[in-house]
Engineer: 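Below is one structure. I have some questions about it.
Both ligands and their constituent atoms are indexed starting at 1 by order of listing.
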Amino acid sequence: MLLIKRIESCRQYSSTVLSSILKSKKTSILPKHPSKGHANHVCEPAVTRFAPSPTGMLHLGSLRTALYNYLLAKKTDGKFILRIEDTDRSRLKDGAMDNIYNSLKWCNLKWDEGPYLQSERTDIYRKHINHLIETGRAYRCFCTKERLDDLRQSALRLVPPTNVSYDRHCAHLSEGEIKSKLDQGIPFTVRFKAPEKYPPFEDLLHGKIDLQPQQNPSDIRYDDPILMKSDNYPTYHLANVIDDHDMKISHVIRGEEWLPSTPKHIALYEAFGWKPPKFTHLPLLTTTEDKKLSKRRNDMSVMSLKEQGILPEALVNFSVLFGWSPPRELASKNHECFTLQEFENLFDLDSLTKGNAKVDMKKLWFFNKHFLGKKLEDPTFIDAVLPTIVKTIRDKYENVTELEEKVKTILIENGKVLSNINEFDTVFYYFFEKPNFESNEQSQEFLSKYDNKVASTILQYTRSILSEGSLTKDLVNDLSSKFNVPKKTIFQTLRFALAGSHPGAAVPVLFKVLGVSEAQERIANAIQILEHSL
Ligand code: GLU
């Protein structure tokens with residue numbers, strides 16, 4: 001048996017300490033049979049669950065957890081269960097539950113069973129806690145808050161200090177004492193009588209893990225986690241273990257922050273005489289600067305990313321790749337772009353990666369551009385986004401006619417340059433307002449780089465022959481040979497006049513959308529500028 005590391009107190013683990021344990025395991029003490037190859041290949045149908053607490057908006061990290069559980073269930077023809085862990089009543093947030101449902105639905109993650117609400121299952125927990133009390137594996141604790149605070153303070157003064165502070169006072173109460181306290185109605189919690197040593201456990205990603213609370217020989221304290229609070233609601237540890245057993249969960253995939261809880265859970269399974277599920281703890285999500293990605297960052301919640309213009313397909317693609325890699329050849333062939341359905345066939349626990357996953361928003365926008373481009377091939381998508389874009393343009397720019405037709409044409413012809421549909425009005429602004437040659441860098445560059453006399457002559461001639469839809473290949477060829485300049489110069493000159501040299505839209509699209517009279521006006525303005533700067 002491999003003993004990895006002893007740390008002061010399970011409850012004291014900060015995420016940084018944990019990642020350093022996991023990193024050190026990776027480099028030195030990791031078992032010789034890491035999870036590469038087919039060690040964790042799951043053939044049996046896996047029963048998985050996503051078990052969020054409705055304490056805030058569903059963010060990227062939770063979405064990744066949900067996705068991996070969903071994908072493992074799909075890949076193995078198993079079952080994906082949604083369970084809401086809402087027993088910590090003081091931390092509930094209004095709207096959080098709906099936010100969980102809406103975020104999952106929006107990402108197209110359908111659960112096969114649930115949602116189960118733990119707050120509706122309290123009878124089940126009560127029955128099980130009574131069993132633990134009867135078998136001596138748990139006991140009622142009547143200690144006052146003041147007494148517990150004192151114990152906590154004194155534990156912190158120990159050398160080395162520890163968060164494991166309870167002295168097991170109430171574990172030694174006689175039957176009579178307990179009865180009398182119950183009769184007096186003194187509030188109590190129920191504590192687990194933690195084993196002297198927590199059994200080590202196997203994590204499918206990290207190998208064998210042995211986490212023990214520190215005990216100071218001169219002043220022994222006990223971990224004895226609370227299982228039932230004085231409000232009669234179970235704590236996370238109890239409800240989580242009972243439900244995972246009850247719902248026949250075969251694989252628990254969750255964030256690394258739950259690693260310190262796992263020894264307690266394994267001990268609880270043992271106390272109940274149940275077989276624990278298989279555990280996989282996922283590495284942290286970090287920013288590109290390697291800082292922990294805070295759950296409190298509201299701009300990283302699924303619904304806020306939706307508001308920012310992110311598509312569900314892009315978000316799913318982005319999130320699955322935080323710590324899981326597809327087969328290399330396939331990934332490079334597809335530029336890492338995959339659909340949920342493709343992931344359902346590809347996913348496996350063997351290809352999880354151990355390092356912290358960096359959240360690089362540039363990559364999210366890359367995926368967004370990819371999926372937006374695909375969606376724009378679908379007329380129903382265009383019809384769906386049209387009204388919002390039209391309204392924005394109408395509110396922002398004056399005197400734009402035939403707006404619907406114009407927006408549609410731009411989307412069909414040039415929409416693929418967009419990374420974000422919400423940016424239509426800014427990216428394509430030059431369709432809706434005349435170029436400002438003076439303040440525009442690209443126009444200035446054109447003016448200084450090209451022969452203004454030739455440009456002006458080309459434009460004057462174009463203006464004289466301009467009629468609707470007349471920018472054909474032939475016209476460009478004609479202009480090019482007539483003025484003896486490369487075709488590129490023709491295009492650049494026209495782009496200067498029509499869009500202030502703004503890149504993006506093809507020149508024929510500019511003509512088509514602007515229409516003859518607007519194009520003529522813009523050309524006339526451009527000629528003036530060119531003449532002026534001669
Ligand atoms: N309720 C926990 C959470 O909010 C679930 C942890 C677990 O998956 O066991 O993430």
Engineer: Applying a 4.0 Å heavy-atom criterion (strictly less than), which segment of Asn240 is in contact with ligand 1: side chain, backbone, both, or neither?
Structural biologist: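 For Asn240, the contact with ligand 1 is made by the side chain alone.
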Engineer: Could you list which atoms of ligand 1 come closer than 4.0 Å to a heavy atom of Glu85?
Structural biologist: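 Listed by number with element: 1 (N), 2 (C), 5 (C).
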Engineer: Output yes when Arg49 and Asp244 qualify as a salt bridge under the 4.0 Å nitrogen-oxygen rule, no when they do not.
Structural biologist: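 A salt bridge is present here (some side-chain N lies under 4.0 Å from a carboxylate O).
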Engineer: With a 3.5 Å cut-off and no angle check, do the side chains of Glu177 and Ser174 form a donor-acceptor pair?
Structural biologist: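 Looking only at side-chain atoms, Ser174 and Glu177 do form a donor-acceptor pair, the distance falling under 3.5 Å.
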Engineer: Compute the minimum heavy-atom distance from Phe50 to ligand 1 and say whether it is under 4.0 Å.
Structural biologist: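 Under 4.0 Å: no for Phe50.
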Engineer: Within the 3.5 Å criterion, strictly below it, is a donor on His59 or Ser62 matched to an acceptor on the partner's side chain?
Structural biologist: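 Yes - a donor-acceptor pair under 3.5 Å links their side chains.
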Engineer: For the rings on His265 and Tyr236, is their centre-to-centre separation under 6.0 Å?
Structural biologist: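 For His265 and Tyr236, the ring centres are under 6.0 Å apart.
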Engineer: Could you tell me if the side chain of Lys181 sits less than 4.5 Å from the side chain of Phe188, heavy atoms only?
Structural biologist: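 No, every pair of side-chain atoms sits at 4.5 Å or beyond.
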Engineer: So, regarding Ala51 and ligand 1 (criterion: nitrogen or oxygen to nitrogen or oxygen, under 3.5 Å), is there a contact or not?
Structural biologist: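 Yes: some nitrogen or oxygen of Ala51 is under 3.5 Å from one in ligand 1.
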Engineer: Non-hydrogen atoms of Arg49 versus ligand 1: any pair closer than 4.0 Å?
Structural biologist: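 Within the 4.0 Å threshold, so yes.
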